[in-house]
Amino acid sequence: MLKPIEWKDNNLVLIDQRKLPNRLDYFRCTTLDELCYAISNMVVRGAPALGVVAAFGVYLGLREGYDSEAIFERLLNTRPTANSIKYVISTMSDVNNPEQAIIYALELLNKDIERNRKIGFYGKDIIKNHYNVITHCNAGALATSGYGTALGVLKAAHDDGINFFVYVDETRPFFQGSRLTAYELLYEKIDFTIICDSAAAFIMKIKNINLVIVGADRIAANGDVVNKIGTYGLAIAAKEHKVPFYVAAPTYTFDFSIDNGYDVLIEYRNDDEIKKVEDLLIAPIEAKALNPSFDVTPAKFISGYITEEGIYSTSGIYKMRR
Ligand code: MRU
């Protein structure tokens, strides 16, 4: 299994996801500064992975002698949209020494993989033989401590011998689909093809697409899903073509303090992500580019939420809350 987050020799070692698929490089975080840099600059990304890395950030910060409130604030500001960082920090609010922090972080690293395996277990039955599935962004091992959420569901079905095909949205502008999901599906020997994000609606029209499955960064109390930019458009297209649209995410992705998705703070990233591929300009340098990193998919588009507790419908979310 791909291990994007490892604790080695008292430091955090991350797969440097900026370099994939060309190079499997590692990025070592020995300080809170380095760890915050890794989160903000997408060395590591994906909501569950961010939460786990944040827990190690609390340890590194305490080890350096920072005050816990200052550490929490810095981590919360690295990437504001995913609920995982907020969740981890709220569960670590009483932690104020490095020993406690490292025990918690290591526990979380293992628990996250377990949660994902359960998501896979509960979700796998929605994938049937000969299905064609679309996924967006990367909600795989690389976006978590291991195994993945949406891709975890696909892996569990594949391990059960189900034969299906995946259409992978390339996921502009950071290409989490073509760089990372494609890398993982090759690794898992799951059959797929990459498509441009803008091809997804047409592919639904001309191919027999049976299912869309994505992850989530935050889910509001009413079931609105905040996820990688492009998810909303995909959901609208799925509705038009009567394709079921599933979201796979751990229960801590639900933020019951937020009534609807439009109240979630959406991260806007640097316009260079759109105007450049690595250092190569692909747009006029003077052009403006607007780069919201996430969008809001209203609950009415979602067929079910696959969690480590089972599959919830929108109307069933109140049970999880209770
Ligand atoms: O900007 P990213 O790559 O961190 O965004 C990731 C996503 O939007 C994922 O779909 C989401 O975090 C779920 S990952 C299991």
Side-chain angles (χ1 to χ4, degrees), residues 1-9 11-21 23-29 35 38-39 42-57 59 79 82-85 87-88 91 102-124 127 135-160 166 168 176-177 179-190 192 213-217 227-228 247-253 306-309:
M1 188 168 74
L2 278 171
K3 284 192 180 161
I5 306 168
E6 282 188 280
W7 184 243
K8 275 188 185 161
D9 308 324
N11 295 307
L12 191 66
V13 180
L14 304 169
I15 291 183
D16 190 339
Q17 300 190 27
R18 299 169 302 178
K19 309 280 172 63
L20 289 173
R23 282 201 310 278
L24 184 58
D25 269 2
Y26 292 87
F27 185 97
R28 183 176 290 267
C29 305
L35 183 137
I39 296 180
M42 312 281 266
V43 171
V44 60
R45 31 67 48 204
L50 296 182
V52 173
V53 169
F56 285 98
Y59 167 73
R79 293 200 71 196
N83 198 42
S84 53
I85 299 183
Y87 163 79
V88 164
T91 55
I102 194 63
I103 290 171
Y104 181 88
L106 289 168
E107 236 177 62
L108 190 63
L109 184 68
N110 292 324
K111 256 195 211 158
D112 183 54
I113 300 177
E114 272 321 296
R115 273 197 195 106
N116 296 339
R117 287 193 184 280
K118 285 188 184 155
I119 290 172
F121 173 79
Y122 286 118
K124 65 184 179 179
I127 318 280
T135 191
H136 189 67
C137 194
N138 171 265
L142 291 165
T144 63
S145 304
Y147 203 73
T149 56
L151 288 195
V153 171
L154 299 184
K155 282 177 199 173
H158 180 70
D159 287 348
D160 270 8
V166 188
V168 176
Q176 288 94 330
R179 292 190 306 108
L180 308 177
T181 298
Y183 183 84
E184 283 198 39
L185 293 180
L186 276 175
Y187 189 91
E188 299 292 337
K189 300 189 172 46
I190 296 176
F192 72 95
I213 186 163
V214 296
D217 281 78
N227 192 48
K228 181 51 53 194
V247 174
T251 47
Y252 64 71
T253 312
I306 308 167
T307 75
E308 74 279 16
E309 297 177 356

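Numbers for residues simply follow the sequence, beginning at 1.
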Counting only N and O atoms by type, is there a donor-acceptor contact under 3.5 Å from the side chain of [X] to the main-chain atoms of [Y]?
X      : Y      : result
Lys155 : Tyr147 : yes
Thr181 : Cys137 : yes
Asp16  : Arg18  : yes
Asp112 : Ser145 : yes
Thr135 : Ile213 : yes

Do [X] and [Y] have side chains that approach each other closer than 4.5 Å (heavy atoms only, starting at C-beta)?
X      : Y      : result
Asn227 : Val247 : no
Ile190 : Leu151 : no
Phe56  : Ile102 : yes
Leu24  : Tyr26  : yes

Once salt bridge (Lys or Arg N to Asp or Glu O under 4.0 Å) is applied, do any residues pair with Arg179, and if so which ones, sequence neighbours excluded?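 With neighbours one apart ignored, the set is empty.
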
If the condition is salt bridge (Lys or Arg N to Asp or Glu O under 4.0 Å), which residues does Arg117 pass it with, not counting sequence neighbours?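 Once residues adjacent in sequence are excluded, Arg117 has no partner under the salt bridge (Lys or Arg N to Asp or Glu O under 4.0 Å) criterion.
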
When the ring planes of Tyr252 and Tyr87 are compared, do they come out parallel, tilted or perpendicular, using 30° and 60° as the limits?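 Correct class here is parallel.
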
Please find the pair of heavy atoms, one from [X] and one from [Y], that lie closest to each other, and give the distance.
X      : Y      : answer
Ala55  : Leu108 : CB-CD2, 3.9 Å
Ile85  : Ala54  : CG2-CB, 4.1 Å
Cys29  : Asn11  : O-CB, 3.7 Å
Lys228 : Asp217 : N-OD1, 4.3 Å
Ala249 : Ile119 : C-CD1, 3.7 Å
Tyr122 : Thr307 : CD1-O, 3.6 Å

Run the side-chain donor-acceptor check on residues 42-52: report pairs under 3.5 Å with partners two or more places apart or on a different chain.
{"from": "Arg45", "atom 1": "NH1", "to": "Gln17", "atom 2": "OE1", "distance (Å)": "3.1"}
{"from": "Arg45", "atom 1": "NH1", "to": "Asn138", "atom 2": "OD1", "distance (Å)": "3.0"}
{"from": "Arg45", "atom 1": "NH2", "to": "Asn138", "atom 2": "O", "distance (Å)": "2.8"}

Using the side chain to side chain contact (heavy atoms under 4.5 Å, CB included) rule, pick out the option among Leu142, Ile15, Val53, Val13 that qualifies with Ile5.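 Among the candidates, only Val53 passes.
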
Nearest-0.5 Å distance, [atom1] of residue [X] to [atom2] of residue [Y]:
X      : Y      : atom1 : atom2 : answer
Glu6   : Leu12  : CD    : CG    : 9.5 Å
Phe121 : Asp159 : CZ    : CG    : 13.5 Å
Ile113 : Lys111 : CD1   : NZ    : 13.5 Å
His158 : Leu185 : NE2   : CG    : 9.5 Å
Leu109 : Thr144 : CG    : OG1   : 10.0 Å

More than 12 heavy atoms of other groups within 6.0 Å of Lys118 NZ: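 It does not: Lys118 NZ has 12 such atoms or fewer within range.
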
Are more than 12 heavy atoms, taken from residues, nucleotides or ligands other than Tyr104, located less than 6.0 Å from that residue's OH atom?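 Atom OH in Tyr104 is crowded, with more than 12 foreign heavy atoms closer than 6.0 Å.
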
